[in-house]
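Keep in mind that what you see is a predicted model, and the values were worked out from it rather than measured. These numbers come from the heavy atoms of this one structure, side chains and all, not from hydrogens, waters or symmetry mates. In what follows, every chain begins at residue 1, and chains take the letters A, B, ... in the order their sequences are listed.
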Protein chains: 2
Amino acid sequence: MTIAQVAERTGLTAHTLRYYERAGLLREPPDRGGNGHRRYTERDADWIRLLTRLRATGMSIAGMRRYAELARRGEDTYAARKELLEAHRAEVLGKIEQLKDDLALVEYKINVYDKLMGDS
Amino acid sequence: MTIAQVAERTGLTAHTLRYYERAGLLREPPDRGGNGHRRYTERDADWIRLLTRLRATGMSIAGMRRYAELARRGEDTYAARKELLEAHRAEVLGKIEQLKDDLALVEYKINVYDKLMGDS
DNA sequence: CTGTGAGTTGGAGCGCGCTCCAAGTCAAGC
DNA sequence: GCTTGACTTGGAGCGCGCTCCAACTCACAG
């Protein structure tokens, strides 16, 4: 699988994929074909897809690197990795609650405009 | 009300309050006391509190400026302001759904670790 | 052989949202 | 009068997450 294909499948750009690799977010750099081009496996793509979800839910690059570092250290870190993901899940759920809470004032304001305009 | 008091009440720093003012996020610059210091009204503080909620829900500085510009143009823009807030609300609700969706893969991964470790 | 297109690298640049610095003013307390 | 502390300004700097540039290599089609 070429970098362009992975970009296509993950929604990241080739630029970003190379950046993630430099940033240490991959478990290991992808293999290279005879021409020096990166060759990604399906497993690489799955990993990157997970990264995109972590990113989309607000995990920082540094957070993803920590996760990748654990993954590089092998199966001894299953528990630590699970804890990292659980902590992240809790954070995201908290953030969702916070968003709902913050929206309340916005909704209140919307109602104020309704009333100001005679609820038309 | 001094800038420090507004900072205290809104959770922003004095730096940020001045930055917001320069960025055109206030309906109008606060009055000045005889010493040249900003003097905020309760209404100013309420406005800023709304800004913090808009910001917390992901509205950009430019978006907040658009809202402030409408507010400056007076009551003719009630409808436009309401629409802006409604559009924002829809965006936030969409983002919440997206977050939940993105979390699904994270939760799947957590379960994978559970199984790998014998569900202990 | 030449062009086209897809990839490679190190490093620069960018947009956002702050965050802070330097140098100054002013008021109040000792 | 002097210090302290809260404020003022214009502008510089920063951290994050990309995003792109320049210069290059390589494989393949015509």
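The nearest whole Å value for the distance from the CG atom in B:L17 to the C1' atom in D:dC7 is 13 Å. Protein atom OH of B:Y19 is 16 Å distant from nucleotide atom P of D:dA12, rounded to whole Å.
Taking B:E107 as the reference, A:R89 meet the salt bridge (Lys or Arg N to Asp or Glu O under 4.0 Å) condition, with sequence neighbours excluded. A:Y78 is linked by a ring pair (Phe, Tyr, Trp, His ring centres under 6.0 Å) to B:Y113, counting only residues two or more places apart in sequence or in another chain. Residues forming a salt bridge (Lys or Arg N to Asp or Glu O under 4.0 Å) with A:K95 (at least two apart in sequence, or on another chain): none.
Between A:K82 and A:E86 a salt bridge is recorded (basic side-chain N to carboxylate O distance below 4.0 Å). A salt bridge is defined here as a Lys NZ or Arg NE, NH1 or NH2 lying under 4.0 Å from an Asp or Glu carboxylate O, and A:R49 with A:D46 meets this definition.
For an aromatic pair to be called close, the ring centres must be under 6.0 Å apart, and A:Y67 with A:W47 satisfies this.
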Could you go over nucleotides 8-10 of chain D and give all protein N or O partners under 3.5 Å, atom names and distances?
residue	atom	partner	partner atom	Å
D:dT8	OP1	B:R38	N	2.7
D:dT8	OP1	B:R38	NH1	2.7
D:dT8	OP2	B:R18	NH1	2.6
D:dT8	OP2	B:R38	NH1	3.1
D:dT8	O5'	B:R38	NH1	3.3
D:dT8	O3'	B:R32	NH1	3.4
D:dT9	OP1	B:R32	NH2	3.0
D:dT9	OP2	B:R38	NH1	3.0
D:dT9	OP2	B:R38	NH2	2.6

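At the heavy-atom level, B:A4 lies under 4.0 Å from the strands shown only through sugar-phosphate atoms.
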Solution key, residues 96-103 of chain B side-chain donor-acceptor pairs under 3.5 Å, sequence neighbours excluded:
residue	atom	partner	partner atom	Å
B:Q98	NE2	B:D102	OD1	3.1

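The side-chain heavy atoms of B:R55 and B:M64, taken from C-beta on, include a pair separated by under 4.5 Å.
Side-chain nitrogen and oxygen atoms of B:T2 include none within less than 4.0 Å of the OP1 or OP2 phosphate oxygen of D:dA6. Contact check, B:Y20 against C:dC18: a side-chain N or O comes under 4.0 Å of OP1 or OP2.
Within residues 57-67 of chain A, no residue has a heavy atom under 4.0 Å from DNA chain C.
For the pair A:T13 and A:G34, both in contact range of DNA chain D, the more 5′-proximal nearest nucleotide belongs to A:T13.
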